[in-house]
Amino acid sequence: MKNNMVGWFEMPVANMERAMKFYETVFDVKIERHQMGELDMGWFPTTQEGSGAMGSLVCMPEFYKPSHDGALVYFTAHSGDLNNELGRVEAAGGKVMMPKKLIAEGYGYMAVFEDSEGNRVAMHSHG
């Protein structure tokens with residue numbers, strides 16, 4: 001296998017402006033908005049040299065609905081300690097559901113939060 005299993009992900013949102021502001025605030029990034037007919041997308045920043053999957057916020061209410069019960073997407077905390085990003089979740093309009101905890105020695109740490117749209121999302125860091 002040459003690539004990781006996940007090549008792209010889409011996070012459903014009900015309000016694109018609110019969701020973009022939430023993720024830009026929590027992860028200190030700029031999200032690019034793209035209108036493609038009925039589909040409203042907010043692309044997360046990417047790098048060709050980096051590992052991990054690319055993805056987008058998507059708003060198309062008749063097709064995408066935010067959910068607590070769907071797949072769990074893990075974002076990498078680029079600060080090196082997910083508590084830095086997690087500390088911005090509530091001020092950005094989200095809710096911390098599970099604070100930072102050790103997964104197991106050698107695997108790093110995880111946390112789970114609810115985003116501004118009601119999606120359950122996770123974060124990972126090694127420190």
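These figures come from a predicted structure and were not determined experimentally.
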ask   = What is the distance from atom CD of Glu17 to atom OG of Ser116, rounded to the nearest 0.5 Å?
value = 11.0 Å
request  = Check the hydrophobic clustering (I, L, V, M, F, W, Y; side-chain heavy atoms under 4.5 Å; chains of links allowed) and say if Leu57 and Met36 are grouped together.
outcome  = no
inquiry  = Quick one, Tyr107 with Leu102, criterion side chain to side chain contact (heavy atoms under 4.5 Å, CB included). Give me CA distance, side-chain angles, the key distance, then yes/no.
reply    = CA-CA 8 Å; Tyr107 289 96; Leu102 180 67; over 6 Å; no
ask   = At their closest point, which heavy atom of Ala122 faces which heavy atom of Leu72, and how far apart are they?
value = N-CD1, 3.8 Å
message = Under 4.5 Å between side-chain heavy atoms, counting indirect links through other Ile/Leu/Val/Met/Phe/Trp/Tyr residues: same cluster for Val29 and Met54 or not?
response = no
inquiry  = For the CD atom on Gln35, are there more than 12 heavy atoms of other groups (residues, nucleotides or ligands in this structure) within a distance under 6.0 Å?
reply    = yes
task = Run the ring-centre check on Phe75 versus Phe9 and record whether the distance is less than 6.0 Å.
result = yes
remark   = Across all chains, not counting sequence neighbours, the side chain to side chain contact (heavy atoms under 4.5 Å, CB included) partners of Glu49 are Thr47
task = Can you measure from CE (Met20) to CH2 (Trp43) and round to the nearest 0.5 angstrom?
result = 12.0 Å
request  = Sort out for me which residue in Asp115, Val73, Val112 forms a side chain to side chain contact (heavy atoms under 4.5 Å, CB included) with Arg120.
outcome  = Val112
note = Closest non-hydrogen contact found for Thr25 with Arg88 is O-NE, 3.2 Å
key: Atom pair CE/CE of Met123 and Met110 - distance to nearest 0.5 Å   = 10.5 Å
query = Shared ILVMFWY cluster between Val121 and Met97, side chains joined below 4.5 angstrom?
reply = no
message = Is there a side-chain contact between Asn15 and Glu117 in this structure, where contact means two heavy atoms from C-beta onward sitting under 4.5 Å apart?
response = yes
key: Exceeds 12 heavy-atom contacts within 6.0 angstrom, atom CD of Glu62   = yes
message = Let me confirm one number: the OH-CD1 distance from Tyr23 to Ile31, rounded to the nearest 0.5 Å.
response = 8.5 Å
ask   = Same hydrophobic cluster for Leu82 and Phe44, using side-chain heavy-atom links shorter than 4.5 Å among ILVMFWY?
value = yes
Partners passing ring-ring contact (aromatic ring centres under 6.0 Å, His included) against Tyr109 (at least two apart in sequence or in another chain) = none
ask   = Okay, side chain of Ser67, backbone of Asp69: is any donor-acceptor separation there less than 3.5 Å?
value = yes
message = Going by the rule ring-ring contact (aromatic ring centres under 6.0 Å, His included), which residues pair with His78 if we only count those two or more places apart in sequence or in a different chain?
response = none
task = Using a cut-off of 6.0 Å, state whether more than 12 heavy atoms not belonging to Met16 lie near its atom CE.
result = yes
query = Is Lys100 atom NZ crowded by more than 12 heavy atoms from other residues, nucleotides or ligands, each under 6.0 Å away?
reply = yes
inquiry  = Taking atom NZ as the centre, does Lys95 end up with more than 12 heavy-atom neighbours from other residues, nucleotides or ligands that are less than 6.0 angstrom away?
reply    = no
ask   = Is there a donor-acceptor pair under 3.5 Å between the side chain of Asn119 and the backbone N or O of Val13?
value = no
Rounded distance (nearest 0.5 Å) linking atom CG of Leu39 with atom OH of Tyr64 = 6.0 Å
query = Once you round to the nearest 0.5 Å, how far does CE of Met60 lie from NZ of Lys65?
reply = 10.5 Å
key: Taking every non-hydrogen atom, the tightest pair across Cys59 and Ala14   = SG-O, 3.8 Å
